[in-house]
Every structure is written in C-alpha cells, then in structure tokens.
Asks: 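Got a structure here, written out as structure tokens. Questions coming.
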Amino acid sequence: MNGRNPTAERSPRWQAFYEVVAQIPHGMVATYGQVASLAGYPGCARQVGYALAGMPEGLDLPWHRVINARGQVSPRTWTKLHEFQQVLLEREGVAFKGVRLDLKRYRWQPEGS
DNA sequence: ATTCTGACTTGGG
DNA sequence: CCCCAAGCCAGAA
C-alpha cells in the first residue's frame, strides 16, 4: 500500500524518522533499525520504511541513504525505485558489491563512537 | 472491533 | 551465508 502525506504530518513518530534521515551525511547510509533507534523508537524499523513510503514529495529528504540491515537496498513491491536508489548511492560514491554494499564502511555513525 | 499487509530487525538453527 | 518465527505500528477493508 502507499503512504498518505497527511498522516505523515500528524504522526510525531514519522516526523522523528524524517528528522533523523535528514541528518544522514552524503555518501553514508543508515539502516531502518538504526534510524528507528536514533529517532527514539527502537524496534520500529518497519515503521521507518512505512513512513518513507508516505513521504511527502515536496520534502527534500535523502531517503535513498536508508537501507536494510543486510546492507542492500530493499526491493519495493510495486515500483522500481530500488533501482533508482542504488544509482543515487553509487552517484555519491557508494560502491556496491553485487547487490550489497559494505555496511561496516558506509554505515553512518552519529556523534563519535 | 478484527484481520491483513508492508521500503524491517533480531535471534536461533 | 540462508531460512524461519516473533515483534513492531499504522492504515485500509
């Protein structure tokens, strides 16, 4: 199913997810679970993907920098956006090894650690 | 109110 | 490395 913009704006959780995604630096990536935790909602990884699906088009978010824990772009069910997503990442200098990328190398680590 | 589904994660085998 | 079950939230029927 697809998202609806209105719900995104009245849901504080989705709002928090967007805030985190917006902070992912160029050339780096974060997993859904990571975004969820940083947003203050650990365990809600699924909701992150759900929120991004309903992301307003006007919103300028680096949604392509969010991938799954396996280090690969999550395939969409009804669209080919995953292909586009990989292109966008490669364009930022992220190298894919087949369908995956090296998470240890490209994973975003906020504020030292 | 109940059921199903989805851009997921994690732990075990 | 792969596959499976459970947990998770929100929206649609």
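Note that the structure is predicted; figures quoted are calculated from it, not measured. In what follows, chains are A, B, ... by sequence order, proteins preceding strands, each numbered from 1.
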Asks: Calculate the interatomic distance between Leu103(A) atom CG and dC8(B) atom C1'; express it in whole Å.
Replies: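 Taking CG of Leu103(A) and C1' of dC8(B), I get 13 Å after rounding.
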Asks: On a whole-Å scale, what distance lies between the C1' atoms belonging to dA1(B) and dA13(C)?
Replies: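 Here dA1(B) and dA13(C) have their C1' atoms 13 Å from each other.
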Asks: Which whole-number value in Å describes the distance from Tyr50(A) OH to dA10(C) P?
Replies: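 Nearest whole value for this atom pair: 10 Å.
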Asks: For residues 22-31 of chain A, which side-chain donor-acceptor pairs fall under 3.5 Å, sequence neighbours excluded?
Replies:
| from | atom 1 | to | atom 2 | distance (Å) |
| --- | --- | --- | --- | --- |
| Gln23(A) | NE2 | Glu19(A) | O | 3.3 |
| Thr31(A) | OG1 | Gln34(A) | N | 3.1 |

Asks: State which residues pass side-chain hydrogen bond (donor to acceptor under 3.5 Å, both in side chains) with Arg70(A); sequence neighbours excluded, sorted by chain then number.
Replies: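 With neighbours one apart ignored, the set is empty.
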Asks: In whole angstroms, how far is the P atom of dC9(C) from the CZ atom of Arg13(A)?
Replies: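 Going from Arg13(A) (CZ) to dC9(C) (P), I get 8 Å.
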Asks: Short question: side chain of Tyr50(A), backbone of Ala45(A) - any donor-acceptor pair under 3.5 Å?
Replies: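 Checked: no pair found.
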Asks: Among dA7(B), dC8(B), dC9(C), which nucleotide has an atom closest to any side-chain atom of Arg76(A)?
Replies: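 Side chain of Arg76(A) sits closest to dA7(B).
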Asks: Return the value, rounded to whole Å, for the distance between atom CZ of Phe17(A) and atom C1' of dA7(B).
Replies: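 Interatomic distance, CZ of Phe17(A) to C1' of dA7(B): 13 Å.
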Asks: So, using side-chain contact (heavy atoms from CB on, under 4.5 Å) as the criterion, who are the partners of Ala16(A) when residues are at least two apart?
Replies: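 By the side-chain contact (heavy atoms from CB on, under 4.5 Å) rule, Ala16(A) matches Ala39(A), Tyr41(A).
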Asks: For Val66(A), does its backbone N or O pair with a side-chain atom of Gln85(A) as donor and acceptor, under 3.5 Å?
Replies: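 Side chain of Gln85(A) to backbone of Val66(A), a donor-acceptor pair under 3.5 Å: yes, one is there.
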Asks: How would you list all residue pairs meeting salt bridge (charged side-chain N to carboxylate O under 4.0 Å, His left out) that involve residues 77-103 of chain A, not counting sequence neighbours?
Replies: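 Listed by first then second residue: Arg65(A)-Glu92(A).
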Asks: For the pair Arg76(A) (side chain) and Ser74(A) (backbone), establish whether a donor and an acceptor sit closer than 3.5 Å, ignoring hydrogens and angles.
Replies: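 Checking the backbone N and O of Ser74(A) against the side chain of Arg76(A), a donor-acceptor pair under 3.5 Å is found.
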Asks: Report the residues that fulfil side-chain contact (heavy atoms from CB on, under 4.5 Å) with Ser37(A), sequence neighbours left out, ordered by chain and then residue number.
Replies: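 Per chain and number, Ser37(A) pairs via side-chain contact (heavy atoms from CB on, under 4.5 Å) with Pro42(A).
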Asks: Atom CG of Leu52(A) to atom C1' of dA10(C): distance rounded to whole Å?
Replies: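 About 14 Å, once rounded to whole Å.
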Asks: Quickly work out the Arg70(A) CZ to dT9(B) P distance and round it to whole Å.
Replies: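 Computing the Arg70(A):CZ to dT9(B):P distance gives 8 Å.
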Asks: Not counting sequence neighbours, which residues clear side-chain hydrogen bond (donor to acceptor under 3.5 Å, both in side chains) with Gln72(A)? List them please.
Replies: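 Checked Gln72(A) against side-chain hydrogen bond (donor to acceptor under 3.5 Å, both in side chains); zero matches.
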Asks: Where along residues 80-88 of chain A does a heavy atom come under 4.0 Å from DNA chain C, residue by residue in number order?
Replies: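 Listed by number, there are none.
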Asks: Under 4.0 angstrom, heavy atoms only, what part of the nucleic acid is Arg100(A) near: base, sugar-phosphate, or nothing?
Replies: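 Answer is sugar-phosphate: Arg100(A) comes under 4.0 Å of backbone atoms only.
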Asks: Quick check on contacts: within residues 21-49 of chain A, what sits under 4.0 Å from DNA chain C by heavy-atom distance?
Replies: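 The stretch gives Gly43(A), Cys44(A), Arg46(A), Gln47(A) as the residues lying under 4.0 Å from the strand, ordered by number.
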